[in-house]
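Since this is a predicted model, take the numbers as computed values, not measurements. In what follows, chains carry the letters A, B, and so on, assigned in the order in which the sequence lines appear, proteins first and then strands, with residues in each chain numbered from 1.
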Protein chains: 2
Amino acid sequence: MRKVAESTVRRLSLYLRFLEEFEHDGVATVSSGALASRGGTTSAQVRKDLSFFGSFGKRGLGYPVPELAGRLRQILGLERRWRVAVIGAGKIGGALVQYRGFQQRGFDIIAIFDADPGKVGRQWNGLRIHDVSQLERDLAGTPVDIAVLVTPADVAQPLTDRLVKLGVKAILNFAPIQLSVPDEVAVKTVNLALELETLSYALVNR
Amino acid sequence: MRKVAESTVRRLSLYLRFLEEFEHDGVATVSSGALASRGGTTSAQVRKDLSFFGSFGKRGLGYPVPELAGRLRQILGLERRWRVAVIGAGKIGGALVQYRGFQQRGFDIIAIFDADPGKVGRQWNGLRIHDVSQLERDLAGTPVDIAVLVTPADVAQPLTDRLVKLGVKAILNFAPIQLSVPDEVAVKTVNLALELETLSYALVNR
DNA sequence: GTTTGTGAAACGATTCACAGCT
DNA sequence: AGCTGTGAATCGTTTCACAAAC
């Protein structure tokens, strides 16, 4: 079960969303074709994706909606809650902290940090913004699973090094920089400028 | 020159960022290896990526930094400015409007829309928030190249249809939904929940 | 000697197609 | 009859390796 493509994991995440809609509508079983059409892919792709993790369907019938949703939650690690620290209390950090989707999906923001003394001490969503210089002290007894980096590019790498030393095993990075981390740490970078530039490319190349 | 992989375009965008740093530091030429190490890829990959668009280097020497940067800007469509409309004046929309990277890279936000009467009429960064019901009237004489969708999922598709009818040719979508558009319209979806779930998957699978 | 540009090889992901179960 | 599960075929991307240019 090791060595599943990232593209597969992303699709599983989409399938889960669709399954939850089907579940909500009281649909009992769903075919790979139905799942595929909702997700812009093919039925063969859906079956192949699921086959990496087991066989959950019944031939001639399809997949039982609640069971498959449950298995996907299990596979994606959504049956437990994750402890998230947000580093950077700027506009994007603020939007993220407010975003209810985090909580809903099992991601609990347990701490917010910033370097600006004007922001430190303020409350956001009931959480006090801490001084990032106290990162090590404040997180000493508090395991953090995921750090969300929402800082300027120039401090992102040193902060990453500190977070890794604190035992953080996954980083969602919004700084426009390619972070270097040890192999055992997972990083996902969201780079808005880059997304816009792929659109710009698409606009000039047609 | 048609049919270049999206992964290639994304890397070109990264290379451009590095080239601009080299340019700033007064470096005159750069090898594919140097570019690769900054971007977490290989020298062969860099050369292959560039080879889709021409040959810009000198054997034995490397690539002339300012020339290559210029060519990449050209390829990526960053030599002109793009007109961007933001649909949705929520937290994320606000963060985007404030984000200086847009302006810097040639993306001018020319209009903001929202459905909430409490927000319509307010000023954001010198731009008045317009009523989204007036989208067609307000954009009638104003060509929009790119729309940034920052709305709830349930209104994203109908809004997309209206935007496409208005001639928008590219959409940066933050709504957690798979948009359907005609072939000639480019869509990039940024789905934060999905990014978090890939991290969650990485955390449980090691 | 160094580094590009590029066919060819290797690798990885998607699609096909069908046997096997319900 | 319908739909899954999966090897095999196909397609696309990355890496290799080397001749050509400087």
* Check step by step if salt bridge (charged side-chain N to carboxylate O under 4.0 Å, His left out) holds for A:Asp145 and A:Arg83. => CA-CA 5 Å; A:Asp145 302 302; A:Arg83 300 166 62 84; 5.3 Å; no
* Nucleic acid contacts - residues 28-51 of chain B versus DNA chain C, non-hydrogen atoms under 4.0 Å -> B:Ser31, B:Ser32, B:Arg47, B:Lys48, B:Ser51
* Residues of residues 5-18 of chain B with any non-hydrogen atom less than 4.0 angstrom from an atom of DNA chain C: list those, numerically ordered, please. => none
Please tabulate, one pair per line, all N/O donor-acceptor pairs under 3.5 Å involving side-chain atoms of residues 178-187 of chain B, not counting sequence neighbours.
none

* What integer distance in Å separates A:Arg59:CZ from C:dC18:C1'? -> 11 Å
* For B:Phe52 and C:dG7, give me the distance from atom CZ to atom C1', rounded to whole Å. => 13 Å
* Structure fact -> Contact span of DNA chain D against chain B, any nucleotide atom under 4.0 Å from a heavy atom, 5' to 3', runs D:dT13 to D:dC22
* To do: Quick one: do B:Glu197 and A:Arg17 satisfy salt bridge (charged side-chain N to carboxylate O under 4.0 Å, His left out)? Show the steps, please.
  => CA-CA 11 Å; B:Glu197 289 178 17; A:Arg17 202 103 339 119; 2.8 Å; yes
* B:Phe102 and B:Tyr99: aromatic ring centres closer than 6.0 Å? -> yes
Let me have the donor-acceptor pairs involving side chains of residues 52-65 of chain A, under 3.5 Å, with sequence neighbours excluded, atom names and distances please.
none

* Please assess A:Glu79 against A:Arg71 for the test salt bridge (charged side-chain N to carboxylate O under 4.0 Å, His left out), listing each intermediate value before the final yes or no. => CA-CA 10 Å; A:Glu79 281 188 319; A:Arg71 282 298 278 121; over 6 Å; no
* Estimated bend of the helix from C:dG1-D:dC22 to C:dT22-D:dA1 (axis per five terminal pairs, rounded to 10 degrees) -> 0°
